[in-house]
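Written out below as structure tokens is the structure these notes cover.
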Amino acid sequence: MLNRIKSPLQVADVVRECGEALGREKSRFVICAGTGCVAGGSMDVFREFERLLKAKGLYGDVQLLFEGHTSPVGVIFSGCYGFCQVGPLVQFQPKGIIYTKVTVQDVDEIIKTTFEEDSVVERLLYRKHDGTLCPTEDEVPFYGKQKRVILAECGHINPEDIREYFATGGYQALASALSKMDPDGVIDIISRSGLRGRGGAGFPAGRKMALARESQGGRKYVICNGDEGDPGAFMDRSVLEANPHSVLEGMAIAAYAIGADKGYIYVRAEYPLAVTRIDIAIDQARRSGVLGKGIMGTDFDFDVEVFQGAGAFICGEATALIRSIEGFRGSPEMTLSYYPTERGLWGKPTLLNNVKTLAFIPKIIANGVRWFTGMGTKGSPGTAVFALTGEVRNNGLIEVPMGITLREIIFDIGEGVPGGREFKAVQIGGPSGGCLPRELLDIEVDFDSLLDAGAMMGSGGMVVVDDTTCMVDLARYFLAFTRMESCGKCVPCRIGTKRMLEMLTRICEGKGEPEDVGRLEELALDIKEGSLCALGGTAPNPVLTTLRYFKDEYEAHIHEKRCPAGLCANLVTFHIDSEKCNGCTVCARNCPADAITGEKKKPHVIDQDKCIKCRECLSRCRFDAVYTE
Amino acid sequence: MGKTDVELKTILEKFEATRSELIPILQAAQSSLGYLTNDTMREIARYLSIPESQVYGVASFFERFSFSRRGRREITVCCGTACYVKGARRLVDILESELGIRCGDTTPDLEYSLKQVACVGACALAPVVLVNEDVHRQMEPGKVKGLLAGE
Amino acid sequence: MSEKIKLTIDGKKCAGRPGRTILEVARENDIWIPTLCFDERLEPYGACRICLVEVKGAGGLLPACAAEITPDMVVKTSSKRVDSIRRTVIELLLSDHPADCMTCESTGSCALQDLAYRYGIKESSFKGEAHSYHLADDNPVIERDPDKCILCGRCARICDEVVGPGVLGFVGRGFDATVSPPYDRLLEESPCLFCGQCVSTCPVGALTSKLSEGAGRPWELESTDTICPYCGVGCTLRLWTRDNKVVNVTAPMDKGVNRGNLCVKGRFGFQFIDSPDRLKHPLVRGKDGRLRKTTWNKAISLVAERLSETRDKHGADSVGGLASARCTNEENYLFQKFMRAVVGTNNVDHCARL
Ligand SMILES: Cc1cc2nc3c(=O)[nH]c(=O)nc-3n(C[C@H](O)[C@H](O)[C@H](O)COP(=O)(O)O)c2cc1C
Ligand code: SF4
Ligand code: SF4
Ligand code: FES
């Protein structure tokens, strides 16, 4: 692999060397190996590419490039490229052709057409919903309005080869920090950039660094928070899987700034691929001399260890995370007279930042404050990464400048709601966030505007729901989540979330009472203010926002015993319109409860006693014959 | 010494006897022994010189640790927001009725365990069901029988 | 000594040393702030949220039990927000708590009951699932009723922070969390010392003394402070008596060397006082080997006689004296003086504890 780097000045040479070597590969197929695509079989696709290219005598090992050979075409796998929904994705670079939903059977044709015949396999291209074909990234609406900064290399480089990271200019920011800046200089840049923590609350990153730097107390630590327990979020996972070195570099720069020599990356246990990739990256970084003892030949030591979470959302909270590394139950501690920057891990000053916050650091050091503040809004400079999912045509990971409107995200990047359905709301920030209605589609998204609207940036989950989603039920869903995840330490959250959940459940079951709305609201406010940590402090948000924007749905459930979305099982029955039903039997065959009977070509009926209200018939019937009451 | 004792001993030897190794040790024990018994936790407490109540307290706090044997095939339904709005709860209902067990339980023949998790982070493939580590994307109620049959 | 910090609580000018909490300063100034998870023997925990107070400029409510005072702080211990949250906390606790105060051992000394009374909460407005564990912990002294537990963690913390063995601990999380010995088993199956420290700190009826069951309500009992007779530490005890019988023992927080703490003997070892087996008169063993009642004069004369006899016959060093740790320092002093000056030997020692 690479020789150990012996001085910060040497990094520029390594970067050039790697760039030149990889440049000897004239074109390459990039197979997305993010979790989504892997689930779709992308590793088999990758192996098929390798096998076929080898068979054709085209395959050149990356090692050969470094030995001076050139190669007409190569193949690598990358981390998540974002558009998971249509994966497995295959790109052909440098032309930027994107193929979607690629299977092993397609590989031969792809190589022939794309590489040998210099054309495109049309049937694998992304097709806009108006039918237009989009051969390259620039034309795919999903990527159109994005501004990829920390995701820039994600999906383009092999995350398991540090040389690819070097080729993008990697570790140059660390080198310049070590050779040209003192710690205060680094903190000054981050402060002036206005970077705010991407873990949810948006705390100014520079200020936090300065606090950690000022703290006395011997050893200091840097912790990267990759717990990402929010349901509906996978941004941190993707960054860790696709570009782990960017996080390591950010941690090293932060460590240099505050005077730490040890770091931890806290990753959820549900993310085994991320753990593997970080482990590989740490190992390669150590061997290259950019991590460990005497980094780049200077006297700066910094090493990183991975800590795997064990499944508790609350461990994303800073103090709970620290407690669990120490080997205790992940209950938050009171931070009244001190913060982790003063007394954190083992009582020592600790800088704890989100994955994305850390990944921004090398970018800002490398490109400067002006570049960073040139993006986004005044109060929230830079870009935001969202996991755009739910009832929206294009699902996946996106990075957009702060200040973009919700409408642009959902209707331009996401191409709107599929299936002829109506957009109803977008849930932002997971269980701490809120549901924003159609009327707010034009707000400019940043930390402060979302807070004003009652939602929260949170970690960046953005789930679109259509008119088949019941907002009371959605609020109930989030309360069920927070009730499960409450650590149980403080009373308002422990019993309060349970009682809110029970009230919401009663409403959904048609047993709500007129006073429930007021009760819910009062309880929500007391939990918000009374809880010990921000889990309880934000848990009522989904209820408060739905009460604020969708009160009519609550009222319909309570007063009319009706679920406007036709979702709440107790308030809805399924029927088949005998006029419309032509007896195609598709519903009967797919009913998991065997509740539908009827002869072929004759109208079918649903046995109400057997029906489990799974909605399968409703979604299957092609003749619109199934209806709800 | 029984087989598990030997296994546990080999696990413990890999870790330093300090408190901060508690969760890593529990994870290693859980993954190689399949579940945590009182004896296992007692040994871990002894090894780390901490009260047993704290080992049990930590183990019972986290989702990942289980105190009973799990089925050969662990069916995990993702109930993250994206999966939920696309019908994950219905999948849970159907799986529960197909397998005749509740979430968190194991069939008597130790063939299947069923659980739901908050989010596996594969939201763009929603709704998602995992069979052991394999991700099954865009699941539908009608596909459940096939999934159990191993198709 | 560092300067005292000045602050205002409910309009009253107060002062306290750096590092003191709002609660401590308030109590010194006779200002009441309710608490549930607080026990001065333990580190602040901040979990019950009943002690939240308003602090000007703090951007939110602070738990008085944990928040340290700062210069010129302006604290309000009661306000619309604060009271609303307190009421909610009480109602939430009551919604998962049996309503059997009538027969509960802790009636009269229960913090939750006192708070419900003070805030005039007759009934919780929240309906919902309440725990019902029906636990029977079959041990001689400690009654556990987890249905009544409010999860303040005081028992678990005192067992860990003060006593040491950490027998009790939190299990599970969220609404279904409990406090229990390891593996949800019984106390006798754990390293429990039965010191009853957990009983002493439990603010409700979840942990009570089996020995005092049905013995009377606090206002029916008389209390007398005294020193524990068991060992040389000399803990301060508060004996609770009814009809001249000791029915319970506690330790006052503000007195003595033990400041509320006790061991198993001091707390639970009081039955000997009224035991029929207790020696109340001197006994002398006759030639036939049987013990017979006698007077103190006769008994002491007999001892003196035998001691002199032995000393004269075998020398002073053939005698040794073992004093009891239950004696006071003065008594022990006298005893060694007697052994050295009267008997003439240095063979004196005492049992370090009993
Ligand atoms: C219940 C809860 C869960 C959280 N989960 C995460 C998480 O998964 N990832 C994260 O970075 N921050 C999470 N946070 C926020 C952290 O406490 C902390 O503010 C953040 O990691 C700081 O990093 P930043 O300054 O870079 O934003 C969570 C907070 C709470 C209260
Ligand atoms: S708010 Fe909830 S999660 Fe936070 S400390 Fe309280 S109980 Fe635990
Ligand atoms: S048993 Fe008593 S002291 Fe222990 S947690 Fe429950 S209420 Fe608190
Ligand atoms: S007494 Fe302060 S939070 Fe419980």
Side-chain angles (χ1 to χ4, degrees), chain A residues 311-315 319-320 328-338 479-506 511 513 515-516 518-520 522-537 539, chain C residues 18-19 21-22 36-37 43-50 52 54-55 58 60-70 81-97 124-131 150-153 156 169-179:
Chain A
F313 170 61
I314 187 60
C315 285
T319 57
F328 291 86
R329 290 164 56 86
S331 271
E333 295 281 296
M334 277 181 308
T335 50
L336 286 169
S337 15
Y338 55 88
L479 260 296
F481 176 80
T482 33
R483 173 251 179 275
M484 281 304 292
E485 298 296 331
S486 160
C487 82
K489 183 169 178 174
C490 71
V491 179
C493 169
R494 181 181 73 237
I495 313 181
T497 53
K498 166 85 179 169
R499 296 292 174 246
M500 282 220 276
L501 171 63
E502 287 170 336
M503 277 191 239
L504 291 166
T505 306
R506 284 199 297 267
K511 297 179 198 146
E513 297 162 9
E515 305 80 46
D516 278 347
R519 263 192 222 142
L520 262 179
E522 272 172 44
L523 178 57
L525 292 173
D526 285 345
I527 295 176
K528 223 171 138 85
E529 252 186 294
S531 294
L532 190 158
C533 83
L535 188 148
Chain C
T21 62
I22 298 175
L36 283 172
C37 69
E43 293 290 319
Y45 190 56
C48 73
R49 319 305 287 169
I50 201 82
L52 290 181
E54 285 205 15
V55 174
L61 308 173
L62 296 184
C65 68
E68 291 177 10
I69 53 172
T70 54
R81 284 307 300 137
V82 163
D83 291 347
S84 162
I85 292 172
R86 284 190 194 150
R87 295 180 61 93
T88 297
V89 166
I90 300 166
E91 290 196 33
L92 287 173
L93 286 171
L94 290 175
S95 72
D96 184 24
H97 194 94
S124 175
S125 56
F126 303 114
K127 290 178 290 233
E129 182 193 340
H131 291 108
I150 60 168
L151 287 182
C152 65
F170 280 103
V171 179
R173 69 176 183 222
F175 184 69
D176 298 317
T178 55
V179 168

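Options Ala312(A), Gly330(A), Cys490(A), Pro332(A) differ in how many heavy-atom pairs under 4.5 Å they form with chain C, and the most are formed by Cys490(A). For the set Cys152(C), Cys37(C), Ala47(C), the count of heavy-atom pairs under 4.5 angstrom toward chain A peaks at Ala47(C). Ranked by heavy-atom pairs under 4.5 Å with chain C, the first of Glu502(A), Lys489(A), Met503(A), Glu515(A) is Lys489(A). Between chain A and the options Ala58(C), Pro44(C), Ser95(C), heavy-atom pairs under 4.5 Å are most frequent for Ser95(C).
The shortest non-hydrogen separation linking Pro492(A) to Cys48(C) is CD-O, 4.4 Å. Here the shortest heavy-atom pairing between Phe175(C) and Ile495(A) reads CE1-CG2, 4.1 Å. Between Arg494(A) and Leu93(C), the shortest heavy-atom contact is NH2-CD2, 3.9 Å. Here the shortest heavy-atom pairing between Arg499(A) and Phe126(C) reads CD-CB, 3.8 Å. Taking both residues in full, the closest heavy atoms of Arg329(A) and Arg173(C) are given as NH2-CA, 4.4 Å, listed atom of the first, atom of the second, then distance. In plain terms, the two heavy atoms of Ala66(C) and Met334(A) that are nearest each other are CB-CE, 3.3 Å.
To the nearest 0.5 angstrom, Ser531(A) atom OG is 9.5 Å from Leu52(C) atom CG. In this structure, the separation between SG on Cys487(A) and CZ on Phe170(C) is 8.5 Å, given to the nearest 0.5 Å. Taking CG of Leu501(A) as the reference point, atom CD of Glu129(C) lies at 10.0 Å (rounded to 0.5 Å).
Contact annotation: the side chain of Ile50(C) never approaches that of Val491(A) to less than 4.5 Å [non-hydrogen atoms, C-beta and beyond].
Residue Thr482(A) does not touch chain C at all, counting heavy-atom pairs closer than 4.5 Å. Using a 4.5 Å cut-off between heavy atoms, Glu91(C) makes no contact with chain A at all. Interface remark: Leu523(A) contributes side-chain atoms only to the contact with chain C (heavy atom separation under 4.5 Å).
Checked for salt-bridge contact, Asp176(C) and Lys498(A) miss the test: no charged N lies under 4.0 Å from a carboxylate O. No salt bridge links Glu522(A) with Arg87(C); every basic N to acidic carboxylate O contact stays at or beyond 4.0 Å.
Side-chain contact annotation: Arg519(A) with Ser125(C), donor-acceptor N/O pair under 3.5 Å absent.
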